[in-house]
Amino acid sequence: MARKWVFVLLVIRDFVSAIAAFLFLKLKGRIHRLTYKSVARPKNVVVVGGSFAGWWLLDTLIKALPTGWRVVLIEKNSHFHFTWLWPRMVGVPGHDHKSIVPYPAKHPQAPEGIYELKRGNAISIEKDAVVLEGGERVPFEYLVIATGSSPRFPTGLNPLSKGEVLKYFGGLQDQIRAAGSIVLVGGGPVGVEIGTDVKSRYPDKSVTIIHSRARLMNNFGTRLHDAGIEACKELNILVYFEERPSFPKGTTHENGSLTLKSGETVKYDLLINCTGQRIDSSLAKQSFPDSIGPDGGIFVNPYLQVLKTPSAKGDATGDAYTNIFAAGDVSSLPASVTGGSSTLKMGRAASLQGMTVATNIVRDIKGQKPKAYKLGNLDRGLKLTLGLNKSIYYLTDGDSELISRQQTKEGKEIKDAQGLPVGDDLNAAHIWSMLAQKPFVDEDDEDKRA
Ligand SMILES: Cc1cc2nc3c(=O)[nH]c(=O)nc-3n(C[C@H](O)[C@H](O)[C@H](O)COP(=O)(O)OP(=O)(O)OC[C@H]3O[C@@H](n4cnc5c(N)ncnc54)[C@H](O)[C@@H]3O)c2cc1C
């Protein structure tokens, strides 16, 4: 019990210091704007990957890089993807456009010349330059690899443009609408969110979750499983545990059946594969083969610098490149940071790692010592939806767990023109404003240009 209250106090402390750090950075950015001068040939900090890690890294650097330096962000997708909304978009129309955020051509908080966004696919890393598909070389003094995970859920989507993402989810929504029985393979947060959303929008459809482990969302603590299973029971979702039936490859399959260990068959109109993501370190494979672990993660030291020679056990004890960093899902953190427990691949942790790397680059430019990344109590926080009117905030330090429940009041549910519930958009507007965009206005909209 005492341990729990210590955790509550630590969460409050981390929350207050996160707000203070945010306000301090904002103020620092205002002062920095008055002092930064654009020069003819600035030195480059090159970041590959403009998602949670890469974007928050850029956002910190534009408020802190000294004159003579700039940041170049290389990203292959046309838009930032707010993936947290994707499970909801599988079964519920109306939110799709909110999850695809345009990158700002000009950032209102950035001084002139401090950053460049380069849309392109980085294909290799040379000693002092990143090479893009098409042959362009982008020279760097510092490089950050923030290439995340791939293929992401849903596996069949290669989301280069906004149009492709919208078309893809529109197709999934049609498949859900047409199916009477739906099987979700994988009882992680994505499977649970899709299942509870679909069943609360379409109570007459049968929804089954098939999970390979003994607990739902087994990468988290038992309280998250308990909340998930309670929601499944309430909504009449059938859950099978410790089952690994074979099923056709791809994100979806129609009109088939699965055979369980007992020999029982589960028929479905639609199967959706909600099993995990894979780390995408393919860009670094050729240049840093010794820095990549069996799961694809790039070994880093506590300062998030890429290790040249990790020990055979994958422990972060080797020498590091002082000017090459990895942040976000792609990084494999040392035990001194994780406390030996497996790290979850999550958006907040990725953003905070990006911000740590930005701080360390600026400190290195100024001749100061780097700061170690600490896995904070908010980094493993999750907002989990459990249907269209219910959600929980979950926090853990790997030992203690905190849960806060939210439920939309009766009569206050958000509904579409057909009177069906659609749920909220998980505060997507916040992400738009973090990217200095007006929610949900996309000037570059393909529909508008057509
Ligand atoms: C469906 C889903 C739901 C999720 N829900 C949550 C949630 O509720 N809460 C939470 O905290 N986390 C959630 N996550 C996890 C979270 O999205 C990831 O942890 C986070 O996106 C990691 O950020 P990242 O910047 O490290 O990598 P990514 O988001 O994977 O981004 C990597 C970026 O690098 C780009 N890139 C890769 N290779 C290249 C290249 N060679 N050249 C140019 N660009 C390249 C990619 O296009 C991409 O934009 C969810 C993930 C998924 C898939």
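For this chain, numbers begin at 1 and follow the sequence in order. Since the structure is predicted, the reported quantities are computational estimates derived from the model, not experimental observations. In listed order, ligands and their atoms are each counted from 1.
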A.B. asks: Considering non-hydrogen atoms only, spot the tightest contact between Val131 and Arg137 and give its length.
C.D. replies: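 Heavy atoms only, the tightest pair is CG2-CG, 4.2 Å.
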
A.B. asks: Just distances here: any N/O of Ala53 and N/O of ligand 1 closer than 3.5 Å?
C.D. replies: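 Right, the criterion is met.
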
A.B. asks: Among Ile125, Ile361, Asn44, Val138, which one satisfies side chain to side chain contact (heavy atoms under 4.5 Å, CB included) with Leu143?
C.D. replies: Ile125

A.B. asks: Does any N or O atom in Gly50 lie less than 3.5 angstrom from one in ligand 1, N or O only?
C.D. replies: no

A.B. asks: Please identify which atoms of ligand 1 are closer than 4.0 Å to at least one heavy atom of Ala350.
C.D. replies: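 What qualifies from ligand 1 is 22 (C), 23 (O), 26 (O).
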
A.B. asks: Do the side chain of Glu401 and the main chain of Thr222 share a donor and acceptor less than 3.5 angstrom apart?
C.D. replies: yes

A.B. asks: Any nitrogen or oxygen of Gly347, side chain or backbone, less than 3.5 Å from one on ligand 1?
C.D. replies: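 By distance alone, the answer is yes.
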
A.B. asks: Relative to the heavy atoms of Asn121, which atoms of ligand 1 are at a distance of less than 4.0 Å?
C.D. replies: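 Counting from 1, the qualifying ligand atoms are 40 (C), 41 (N), 42 (N).
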
A.B. asks: With Phe80 as reference, evaluate Trp432, Trp55, Phe52 under the ring-ring contact (aromatic ring centres under 6.0 Å, His included) test and give the passing residue.
C.D. replies: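 Single ring-ring contact (aromatic ring centres under 6.0 Å, His included) partner of Phe80 among Trp432, Trp55, Phe52: Phe52.
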
A.B. asks: If you apply the rule side-chain contact (heavy atoms from CB on, under 4.5 Å), what do you find for Leu10 with Arg13, and how did you get there?
C.D. replies: CA-CA 5 Å; Leu10 290 174; Arg13 182 204 61 185; 3.6 Å; yes

A.B. asks: Identify, by atom number and element, the atoms of ligand 1 in contact range of Gly328, meaning under 4.0 Å from any of its heavy atoms.
C.D. replies: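 Matching atoms, with element in brackets: 26 (O).
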
A.B. asks: Measure from atom 35 (C) of ligand 1 to every heavy atom in Lys76, Glu75, Lys383 and give the option owning the shortest one.
C.D. replies: Glu75

A.B. asks: Within 45° of the six-membered ring axis of Tyr394 and under 6.0 Å from that ring's centre, is NZ or CZ of Lys383 located there?
C.D. replies: no

A.B. asks: For ligand 1, which atoms have a heavy atom of Leu382 less than 4.0 angstrom away?
C.D. replies: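 What qualifies from ligand 1 is 7 (C), 8 (O), 9 (N).
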
A.B. asks: For Gly49, take its heavy atoms, then give the atoms of ligand 1 lying under 4.0 Å from any of them.
C.D. replies: 33 (C), 34 (O), 35 (C)

A.B. asks: For ligand 1, find out whether one of its N or O atoms is nearer than 3.5 Å to an N or O atom of Val330.
C.D. replies: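 N/O-N/O distance below 3.5 Å does not exist for this pair.
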
A.B. asks: Output the list of atoms in ligand 1 that are nearer than 4.0 Å to some heavy atom of Val48, sorted by atom number.
C.D. replies: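 Within the 4.0 Å cut-off of Val48, ligand 1 contributes 40 (C), 42 (N), 43 (C).
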
A.B. asks: Give yes or no for whether the N/O distance cutoff of 3.5 Å, strictly under, is met between Asp329 and ligand 1.
C.D. replies: yes

A.B. asks: If you take the nearest heavy atom of each of Ile145, Thr83, Leu426, Val190, which one is closest to atom 17 (O) of ligand 1?
C.D. replies: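 That would be Thr83.
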
A.B. asks: Do the two ring centres, one from Phe241 and one from His225, sit under 6.0 Å apart?
C.D. replies: yes

A.B. asks: Show the nearest heavy-atom pair for residues Ile292 and Phe299, with the distance to one decimal.
C.D. replies: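 Distance-wise, the nearest heavy atoms are C-CE1, 4.0 Å.
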
A.B. asks: Taking only heavy atoms of Gly120 into account, list the atoms of ligand 1 that are under 4.0 Å away from them.
C.D. replies: 42 (N), 43 (C)

A.B. asks: If we check side chain to side chain contact (heavy atoms under 4.5 Å, CB included) with Leu388, which of these qualifies: Arg88, Lys415, Glu413?
C.D. replies: Arg88

A.B. asks: Please determine whether side-chain contact (heavy atoms from CB on, under 4.5 Å) holds for the pair Leu402 and Lys4, giving the CA-CA distance in whole Å, both sets of side-chain angles, and the decisive distance to 0.1 Å.
C.D. replies: CA-CA 8 Å; Leu402 289 180; Lys4 184 184 157 189; 4.0 Å; yes

A.B. asks: Evaluating non-hydrogen atoms only, which member of Ser281, Ser51, Pro87 is closest to atom 29 (O) of ligand 1?
C.D. replies: Ser51

A.B. asks: By number and element, which atoms of ligand 1 are closer than 4.0 Å to a non-hydrogen atom of Ala146?
C.D. replies: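 Close to Ala146: 32 (C), 33 (C), 34 (O).
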
